[in-house]
Amino acid sequence: MLVNLYLTDGNILKECSLYPEDVKNGDLPYKTQEEITTALYKVPWGLKYISYQTKSLHGQVHVNSIEKYEFVQ
């Protein structure tokens with residue numbers, strides 16, 4: 001399942017697959033809306049990152065830096 005991530009700094013990451021923070025080669029992305037929604041819960045303090053993969057980019061983003069998200073597929 002792909003999502004568009006709208007970040008608080010105005011950037012948009014389009015058609016991302018989302019993974020746990022500590023993703024390893026061969027790991028599968030989150031597949032359901034429920035898994036993604038749970039993974040993107042904001043935290044009141046501390047570090048909670050989500051890994052993402054697009055066609056041309058991959059990396060991590062802190063969940064509190066995500067303003068909103070929408071499901072693509």
Side-chain angles (χ1 to χ4, degrees):
M1 175 162 287
L2 301 176
V3 296
N4 292 337
L5 298 177
Y6 297 85
L7 306 181
T8 56
D9 63 3
N11 288 316
I12 303 170
L13 299 171
K14 292 188 174 186
E15 297 183 352
C16 298
S17 293
L18 298 179
Y19 299 84
E21 176 182 0
D22 57 348
V23 67
K24 296 170 186 65
N25 269 345
D27 285 352
L28 296 174
Y30 294 122
K31 298 226 181 245
T32 66
Q33 288 185 3
E34 183 179 325
E35 288 177 319
I36 291 170
T37 301
T38 301
L40 294 178
Y41 281 147
K42 294 190 181 300
V43 293
W45 69 87
L47 302 176
K48 181 180 175 188
Y49 289 88
I50 189 85
S51 296
Y52 65 89
Q53 172 78 44
T54 69
K55 288 181 181 179
S56 59
L57 294 173
H58 64 87
Q60 292 182 333
V61 63
H62 195 280
V63 293
N64 290 0
S65 296
I66 300 170
E67 186 174 317
K68 66 179 183 173
Y69 61 93
E70 65 185 1
F71 296 101
V72 177
Q73 289 183 333

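Excluded from the calculations below are hydrogen atoms, water molecules and symmetry mates; all remaining heavy atoms, backbone and side chain alike, are included.
Listed by chain and residue number, Y41, Y69, F71 satisfy the side-chain contact (heavy atoms from CB on, under 4.5 Å) test with T37 (two or more places apart in sequence, or in another chain). For N64, there are no side chain to side chain donor-acceptor pair (under 3.5 Å) partners, not counting sequence neighbours. Considering only residues two or more places apart in sequence or on other chains, H62 meets the ring-ring contact (aromatic ring centres under 6.0 Å, His included) condition with Y49. Under the side chain to side chain donor-acceptor pair (under 3.5 Å) criterion, D22 pairs with no residue, sequence neighbours left out. For E35, the side-chain contact (heavy atoms from CB on, under 4.5 Å) partners at least two apart in sequence or on another chain are Y30, K31, T32.
Between K48 and T38, the shortest heavy-atom contact is NZ-O, 3.6 Å. Residues N4 and K14 come closest through the heavy atom pair OD1-CA, 3.2 Å.
Using modelled atom types, one side-chain atom of S51 and one backbone atom of E21 make a donor-acceptor pair closer than 3.5 Å.
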- Task: Using the side chain to side chain contact (heavy atoms under 4.5 Å, CB included) rule, take I66 and T8 through it: C-alpha gap first, then chi angles, then the decisive distance, then the call.
- Result: CA-CA 6 Å; I66 300 170; T8 56; over 6 Å; no

- Message: Does L2 form a side chain to side chain contact (heavy atoms under 4.5 Å, CB included) with S17? I'd like the steps, not just the answer.
- Response: CA-CA 5 Å; L2 301 176; S17 293; 3.3 Å; yes

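W45 forms part of no hydrophobic cluster, judged by ILVMFWY side-chain heavy-atom separations under 4.5 Å. Applying the 4.5 Å side-chain rule to ILVMFWY residues, one finds I12 in the same cluster as Y6.
Few gaps surround CD on E70; more than 12 heavy atoms of other groups in view lie less than 6.0 Å from it.
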